[in-house]
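Notes for the one structure printed next.
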Amino acid sequence: MLLPMSTLMRTVTLPGGETVPALGLGTWQLGESARSRRAEVDAVRYALEIGYRLIDTAEMYGDGGAEEVVGEALARGPIRREAVFLVSKVYPHNASRKGMIAACERSLKRLRTGHLDLYLLHWRGSVPLAETVDTFERLREQGKIRHWGVSNLDVGDLAELWSVDDGERCAANQVYYSASQRGIEYDLLPWQRQFGVPAMAYCPIDQGALAGNASLHAIARARSATAAQVALAWVLRHPDVIAIPKAVQQAHLRDNFAAASLELTAAELAQIDAAFPPPVRKRPLAMN
Ligand SMILES: NC(=O)c1ccc[n+]([C@@H]2O[C@H](COP(=O)([O-])OP(=O)(O)OC[C@H]3O[C@@H](n4cnc5c(N)ncnc54)[C@H](OP(=O)(O)O)[C@@H]3O)[C@@H](O)[C@H]2O)c1
């Protein structure tokens, strides 16, 4: 018997007041081969069964294949699509007035849904931000998307976004953030906090590498946890950061979900600072 989501998962508040789960499921590298399709659909269904209610995907992943995997998992149930906060991303080269309307339709079709909960510009390209924002707003007015946001934008780009009409309606910025990539703490995270824009942390366990980190292991052992869980709990220590670890293995999916209720002590955070020093100057935005 599954407990209602609210009793299981912390939430993060979007601008406007809506709350979303602090931990969701990433889907990069899903949908790349027909051979693994069934296992991947089962993995997403399993994630939903154990309580995941936010899924991050993109038209880029598996060339649409990841969206299809998510769409099939939602269609097969038992968790209804309406219970899930669905995030997808548009390629920069599709983020134009004409291109994005069509790209969004394709994503909706693959995901077998009438709307996205959050639609992100995957990274900044050559289409002017004003045109992209205007098109996001049109899609929002048409009910095709509920919120829009960006990804891989640093402070300068966000400041520019804020200078275009409706740019401040941006609901989130998805960026690389993990114990070993903590440059955003210096300036981006404070900037976003000032404007009430949550961060979505991608690669929160460094594509699995932090699961093998000795310092995190040492902390984890004393808490009967895993190093990956400590890496995720560390990202989730901020009230305005959403983590979207990707996993297909059931044990990973369970561990990661449980990590949202692990609270690190001040002494443990200091140990992590010693292993992964916080930034003391501006760093270029990490990307993957
Ligand atoms: N906006 C962007 O530009 C951008 C860029 C990169 C990623 N993303 C998004 O962020 C998501 C997460 O990033 P990511 O997939 O690159 O990296 P990640 O979530 O840091 O790591 C995923 C890898 O870690 C393994 N793993 C997961 N949980 C584990 C655990 N508890 N113990 C040990 N290993 C574990 C997974 O293995 P298994 O799969 O075998 O379980 C997988 O190989 C992506 O899937 C995507 O949705 C966005």
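Everything quoted here is computed from the prediction, not taken from an experiment. Worth knowing before you read on, the calculation uses all heavy atoms, side chains too, and leaves out hydrogens, waters and symmetry mates. For ligands, and for the atoms within them, numbers begin at 1 and follow the listed sequence.
Checked against ring-ring contact (aromatic ring centres under 6.0 Å, His included), F85 has no partners two or more places apart in sequence or in another chain. For the salt bridge (Lys or Arg N to Asp or Glu O under 4.0 Å) test, residues two or more places apart in sequence or in another chain that qualify with R97 are D134.
Near ligand 1, G26, T27, W28, D56, Y61, K89, H122, S151, N152, Q174, Y202, C203, P204, I205, D206, Q207, G208, A211, A228, I244, P245, K246, A247, V248, Q249, H252, D255, N256, N288 each place a heavy atom less than 4.0 angstrom from the ligand.
For residues 210-233, every residue pair satisfying the side-chain hydrogen bond (donor to acceptor under 3.5 Å, both in side chains) rule, not counting sequence neighbours, is listed here: R223-E268.
The aromatic rings of W234 and Y177 lie tilted to each other, with the angle between the two planes from 30° to 60°. The aromatic rings of W123 and Y91 sit perpendicular to each other, their planes meeting at more than 60°, with 30° as the lower class boundary.
The number of heavy-atom neighbours closer than 6.0 Å to CZ of R237, taken from other residues, nucleotides and ligands shown, is above 12.
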